[in-house]
Structures are given as C-alpha cells and as structure tokens.
Number of protein chains: 2
Amino acid sequence: MNLPALTQAFVLHFGEMGSRWGINRTVGQVYALLYLAPEPLHADAIVEALGVSRSNVSMALRELQAWNLVSVRHVPGDRRDHFVTPDDVWQILRTLAEERKRREVDPTLTVLRELLLQPATSDAERHAQRRIAAMHNMIEQLTGWFEEVKRLPNERLVALLALGAGVTRLLELKDRVVGLAVSGRSA
Amino acid sequence: MNLPALTQAFVLHFGEMGSRWGINRTVGQVYALLYLAPEPLHADAIVEALGVSRSNVSMALRELQAWNLVSVRHVPGDRRDHFVTPDDVWQILRTLAEERKRREVDPTLTVLRELLLQPATSDAERHAQRRIAAMHNMIEQLTGWFEEVKRLPNERLVALLALGAGVTRLLELKDRVVGLAVSGRSA
DNA sequence: TATGGATTTCAGGAATTCCTGAAACGACGG
DNA sequence: CCGTCGTTTCAGGAATTCCTGAAATCCATA
C-alpha cells in the first residue's frame, strides 16, 4: 500500500471498522479509497493502492455495487470500468440506511408478522405474542418515520436534525396555534 | 432445543440475524429467549432451552451485559444469578442505538478529527481533507441530533416519529409565526 | 469469427471467529 | 477451613469467512 499518509490512515481505519459491521476489511478499504479519490478509479489502480489481489477487489466492488454505494463510470477511450462513490454525503447516508434496513430490519418484521398471526395455545405463548407485538409495533413506527424522512431534500433533513429535541417545543407551539385558530373561528 | 413453537421460531430468527450484525448466533438466541421469558431465567435454564454449552451461555450473557441489554436479578432464596431484559422496547432501542454509536461511530469520529488536524501537503491531500470534513460534519450533525432525541420520554419520541416528514410543515408554520411576532413587534 | 484485454468465477488454503469441556475461581454455609 | 454450588476462564478443535491464483467468461475490435 503506497498512498498519501492521510489517505492511508483513512483507508486503514475503514478496513478495521468494516469488521465491526458485517463487511470485510477489503470492502471497507475499497470504499474508503473511492470515497477520497478525486476521480474514478479502475480496478487495477485499487489493486495497486491496497496491495490485495485482483479477484478480491472484484468481489469487493461487486458487493459495494449491491449496496448501491459504488457505481460504474466509463471513461472515454478506456475500455476498463471505473468506479465512483456518490459525493453527496447525505445521499450516501440515505443509501446506507436504506440498505441496512432492507437487510437487517425488514426480514425481522416479516417474521414477527407471521408469528403474530399464529394462534397462541398457552399462557406462555400469549405472553410471547404480546412481547413480539410490542417489538413489531416499535419497528413499524420507526420504519414508517424513516420512509418519510428519507425522502426529504438535504436542506430539510439538515434543518430537522438541527432542530433536535426542539421539535417537541414546536409541537407545543403547533397545539397553541391550532387552538387559537379554532377559538378564533368559533368566535 | 425444546420450546413452544412460537418462542422457538423467534429465538432461531434472532440467532440467524445475529450474524448479519456483528453478534454471534448464541448471543442473539440468548437475548431473544430472555426477551420473551415471562420471568428471569438462570443460566442453566438457558442452557437447556437452547442446547448449547454452559460456558457459551456464560460468554453470551457477559456480552449482553456489556451491551447493557441484559441485567442480573437476584431471586430470593436462590443463589443463582437470574437474567432479564428491560421490558420497555423504547428503552431497548435507546440502549441499542447508544451502544452501536459508541462502538461504530465514535471511533470513526475521533479518527476523522485527527486527520483533519494534520497539515495537507499536496492537492490530493487537500481534496481528501475536504471529503473527510464533509463526512465528519454529517456525522456530527447526526450524533448531535441523536444525543438530544434519545433523552426524550417515550411519549414525546412516539409523537415525533408519528409526525415523520410532517415536521417540515411545522417548521414552515414556525417561520410564519415568528415572522408575525417580529412584524407585530416592529409595528 | 479470431484476438486480446478486462473481468468474474471458484476451489482450496489462510485467517478468523465460535463453541466446548475441563479446570480454576469465588462465595457461602457448616 | 472444608465442601458444595455456581460461575468464569481458557486452550484448542470446529465452523465460518476471507483471500488468492488459475482458469473461464465476456466483449469490443480487427
């Protein structure tokens, strides 16, 4: 691996962190490298930068494409595929969240739903179903919220985040305003 | 494994899902079992329910305690440790999010900060630093938001989720109201 | 349709993670 | 201070995941 110090530190960190998620070291490193690269890279450039085998890079790129975190770009006059990451970090966040939801949450939601449909034949099972329902409902609320929020344009999303817990003050404000409007109308 | 059908299906699913996260099968199963259990379980009951070794259960419980997802409960007249999961699913969500942030996000934030402090000596490095800064700022906004929201009581949190993207309409409302107040004051 | 570069597939060795049984440890009652 | 019950530690075998080099496949061009 022969990279500028800064890039190398970033790439190595993502390699290590990769294993704390479900992804392997090479996938993490390839992503990090592409994220920092000022222009699209072809696979052999990645091989050279990271010092791993060509086939390993191929598999890593494939996985990153499956995650929608990397896409192919063709450079005129060059037959090789070049790869890029989207450069809008908020878009990356949406993609990441979407994919993790799809892989880690949706299957669970499906199972929980099935289990809730089954008839409970004992007290133990009835208790289990109540617990499962509590989890199911929470996940549904979360995913419903996420489906809406992920559609917000960046600007709005940032405003929402900046608001933080202040949103609840806003909710009270709304209640007061609506109250005023109603009393005004009735007057 | 000899459990009611419903419980067994739930436990097995969490075992499988475990490996999609960073946790292993046994940890997932133990958690699922405790989550459904109507009363605290001691380690041998878990061994019997899951059909894994005593030492494996011990390690799984230890890991779950490190995650703050399971705690010890002493049953009067019984020397054995008994284990429970908190039963408020929203509290579980907070804990889970908090721990994942601590393990998956905070270390990255630290590294990114360090990298931003280093002097960039080339165009490539300056470009890399801009990319790193973009990622760093996004993560800071997210974690700042999370720190605030996680403190909300359940009721407020649920209200916030129910609002979904509607929060941005609320933001517009706020702007109008504030605008009114200001123009009123200046008049 | 032959050629050659680019890419993917895949079997199997390397590395890592998981799980177990045996032994060590700790704490309590006698 | 011994014996017992409960728990934890840990070495090493089992299982899984990762990575590589060689071969197969793809595809644009001549």
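Side chains are part of it too, since the values below use all heavy atoms of this structure and drop only hydrogens, waters and symmetry mates.
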Residue A/S55, side-chain heavy atoms: nucleotide from C/dC10, C/dT20, D/dT7 that is nearest =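 Side chain of A/S55 sits closest to C/dC10.
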Given D/dT9, C/dC18, C/dG26, the nucleotide with the shortest approach to the side chain of B/R79 =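 Selected nucleotide: C/dG26.
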Which whole-number value in Å describes the distance from [X] [atom1] to [N] [atom2]?
{"X": "B/E16", "N": "D/dT16", "atom1": "CD", "atom2": "C1'", "result": "13 Å"}
{"X": "B/M59", "N": "C/dG21", "atom1": "CE", "atom2": "P", "result": "12 Å"}
{"X": "B/L61", "N": "D/dT9", "atom1": "CG", "atom2": "P", "result": "12 Å"}
{"X": "B/L50", "N": "C/dC18", "atom1": "CG", "atom2": "C1'", "result": "15 Å"}
{"X": "A/H82", "N": "C/dT7", "atom1": "NE2", "atom2": "P", "result": "9 Å"}
{"X": "A/H74", "N": "D/dC27", "atom1": "NE2", "atom2": "P", "result": "11 Å"}
{"X": "B/E63", "N": "C/dT17", "atom1": "CD", "atom2": "C1'", "result": "12 Å"}
{"X": "A/R20", "N": "C/dT17", "atom1": "CZ", "atom2": "P", "result": "12 Å"}

So, the side chain of [X] versus the backbone of [Y]: is there a donor-acceptor pair under 3.5 Å, distance only?
{"X": "A/H74", "Y": "A/V72", "answer": "no"}
{"X": "B/Q29", "Y": "B/R25", "answer": "no"}
{"X": "B/R20", "Y": "A/R100", "answer": "no"}

Sugar-phosphate, base or nothing in reach of A/D44, heavy atoms under 4.0 Å = nothing
Which part of the nucleic acid, if any, lies within reach of A/T26 when heavy atoms closer than 4.0 Å are counted: base, sugar-phosphate only, or nothing?
-> sugar-phosphate
Which residue lies toward the 5' end of DNA chain C, A/S19 or A/R80, if each is placed at its nearest nucleotide?
-> A/R80
For [N] and [X] - does any side-chain N or O of the residue sit under 4.0 Å from the phosphate oxygens OP1/OP2?
{"X": "A/N56", "N": "D/dC18", "value": "no"}
{"X": "A/R54", "N": "D/dC19", "value": "no"}
{"X": "B/S53", "N": "C/dC19", "value": "no"}
{"X": "A/R62", "N": "C/dT8", "value": "no"}

Assign each of A/G51 and B/D81 the nucleotide of DNA chain D bearing its closest heavy atom; nearer the 5' end lies the nucleotide of B/D81
Evaluate the side-chain proximity of A/L34 to A/V84: yes if any heavy-atom separation is below 4.5 Å, no if none is.
->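 Contact flag for A/V84/A/L34 side chains = no.
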Is it the case that more than 12 heavy atoms not belonging to B/R126 sit under 6.0 Å from its CZ atom?
-> yes
